[in-house]
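Structure record follows, encoded as structure tokens.
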Amino acid sequence: MTLLLKESDPNAARIAAELLRRGELVALPTETVYGLGADGLNEQAVASIFAAKGRPQDNPLILHISEPAELDNYCHDIPAAAWKLAERFWPGPLTMVLPVKPIVPPRTTAGLDTVAVRCPQTPITREIIRLAGVPVAAPSANLSGKPSTTTALHVLHDYGADGPLAAIVDAGPCRVGVESTIVSLAGQRPRLLRPGGVGPEALRAVLGELDVDRAVTGSIAADAVVRAPGMKYKHYAPRAQVLIVDGSAEAAAAYVRREYGAGDAVLCFAEEKSLYEGLNPLAYGSEADPETLSAGLFAALRTLDRDDISRIFARCPTGGGVAMAVRNRLEKAAGFTHVNAEVTLC
Ligand code: TXA
Ligand code: MG
């Protein structure tokens, strides 16, 4: 039976840490999404993460640490830029990829010579990692391929109460709502592998230079060699086909109204809801405030993950910062399919 541990329970951190030390799986809240945690130095515990999620073995995990200084325990050849990023953004929604030390088992890194490390912000999770005394390997806690989990209930929904999880720690909905930004500092130049809670502009302000991996902006063949292996899989996707509708609010609504039929759903900005009256639109946040879009995206995709919905018309933000991460997740859910409503109207 899966234990549900509330953040407010004074014993929650101690119990969760003890379970992790015993090699059990514990779902942990972070400011980005809920993670499916296990002792990242214990091969068997790590193997059980892959089994529980149904995750491809070639997709490495992120190691979560409780203090930035612990980076040194698991990585070597750490450039000054990494420490600068840690100082500016940790604890927080940034993951750094660096050369791995032998202490980290190949199961965690999927055999790569690098490891992804993050110091999350959520206080109870940092306390759990500190008490466990080991780095916690944690992918997003969704079943593989499904939208990520931003509440404890999402995690319970994916695994059930009699499933493989020893416990779920509930600290409420995740503030950021999309996964961390991943930057590789293992190559010649810093490279953005996944957009997330920390925008590229903020990274450039610290780093000066930042390449953007092509996995971020385009779809990739399943057999392609990519720097963040997880980026090649179809992701975050409800069972319906997602179609991103670009163009002005009015042009998009006109297009959707023309195309809309049985089994269709609309995912839009709060500002545009009235344009879709009668089509039962779901607003996932405000276009004017991209942080509400990131906070609401995955819960909305989960709400629309139903047998009777076969196509979702989605509105997608433009711009940088966290809007870039929202766009990336929607594009991945859509298999990078966009329609330009302005053009199709002509
Ligand atoms: O916000 C987050 O990062 C959440 C929370 C739980 O911390 N975790 C998360 O993990 O999103 P996951 O496993 O869903 O995504 C990790 C991504 C994958 O795309 C994986 O391929 C990439 O990080 N990754 C892990 N280790 C890597 C490495 N050594 N080099 C390049 N990419 C790596
Ligand atoms: Mg994930």
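Along the sequence shown, residues carry numbers from 1. Hydrogens, waters and symmetry mates are skipped; everything else that's a heavy atom, side chains included, is used. Whatever order the structure lists them in is the order used to number ligands and atoms, beginning at 1.
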Could you tell me, atom by atom, which parts of ligand 1 come under 4.0 Å of a heavy atom of Val115?
29 (N)
With the side chain counted from C-beta on, respond yes when Tyr34 and Asn142 share a heavy-atom pair under 4.5 Å apart, and no when they do not.
no
Is the Mg ion (ligand 2) under 2.8 Å from any N, O or S atom of Ser140?
yes
Stepwise, does the side chain to side chain donor-acceptor pair (under 3.5 Å) test hold for Gln121 with Arg126?
CA-CA 7 Å; Gln121 210 165 49; Arg126 289 179 71 196; over 6 Å; no
Is any side-chain N of the basic residue among Asp158 and Arg302 closer than 4.0 Å to the acidic one's carboxylate O?
yes
Glu31, CD: over 12 other non-hydrogen atoms inside 6.0 angstrom
yes
Per-atom filter on ligand 1: closer than 4.0 angstrom to a heavy atom of Ala116 are 25 (C), 26 (N), 27 (C), 29 (N)
When you look for heavy atoms under 4.0 Å from ligand 1, do you find them on the side chain of Ala138, its backbone, both, or neither?
backbone
Has ligand 1 got any nitrogen or oxygen that is less than 3.5 angstrom from a nitrogen or oxygen of Arg194?
yes
Mark up the atoms of ligand 1 that fall under 4.0 Å of a heavy atom belonging to Gly35, in ascending order.
6 (C)
Classify the angle between the aromatic ring planes of Tyr255 and Phe313 as parallel (below 30°), tilted (30 to 60°) or perpendicular (above 60°).
perpendicular
Please list, in number order, the atoms of ligand 1 under 4.0 Å from a heavy atom of Leu61.
25 (C), 26 (N)
Hey, mind stepping through Ser310 and Gln241 against side chain to side chain donor-acceptor pair (under 3.5 Å) and telling me if it holds?
CA-CA 6 Å; Ser310 51; Gln241 181 206 344; over 6 Å; no
Can you establish whether the number of heavy atoms outside Gln44 located under 6.0 Å from its atom CD is more than 12?
no
Under the side chain to side chain donor-acceptor pair (under 3.5 Å) criterion, do Ser286 and Glu271 qualify, and how do the steps go?
CA-CA 6 Å; Ser286 160; Glu271 290 90 337; 2.7 Å; yes
Does ligand 1 have a heavy atom under 4.0 Å from the side chain of Thr114, from its backbone, from both, or from neither?
both
Would you kindly say whether Thr30 and Arg118 are connected by a side-chain donor-acceptor distance under 3.5 Å?
yes
If we ignore angles and hydrogens, is there a donor and acceptor under 3.5 Å between the side chains of Ser180 and Thr95?
yes
Closest heavy-atom approach to atom 4 (C) of ligand 1 among Thr30, Leu193, Val33, Ile182 is made by Val33
What do you reckon, does Asn59 put a non-hydrogen atom under 4.0 Å from ligand 1?
yes
Are Leu131 and Leu41 linked, directly or through intermediate hydrophobic residues, by side-chain heavy-atom contacts shorter than 4.5 Å (ILVMFWY only)?
no
Enumerated ligand 1 atoms positioned under 4.0 Å from heavy atoms of Ile62
3 (O), 8 (N), 9 (C), 10 (O), 16 (C)
Ligand-side contact atoms (ligand 1) for residue partner Ser180, heavy atom cut-off under 4.0 Å
1 (O), 2 (C), 3 (O)
Does ligand 1 have an atom under 4.0 Å from some heavy atom of Pro120?
no
Heavy atoms only: which of Ser148, Pro60, Gly197 is nearest to atom 25 (C) of ligand 1?
Pro60
Enumerate the atoms of ligand 1 whose separation from the nearest heavy atom of His64 is less than 4.0 angstrom.
5 (C), 6 (C), 7 (O)
As an exercise, identify every atom of ligand 1 less than 4.0 angstrom from a heavy atom of Leu112.
28 (C), 29 (N), 30 (N)
Going by the 4.0 angstrom heavy-atom rule, the piece of Lys53 near ligand 1 is neither
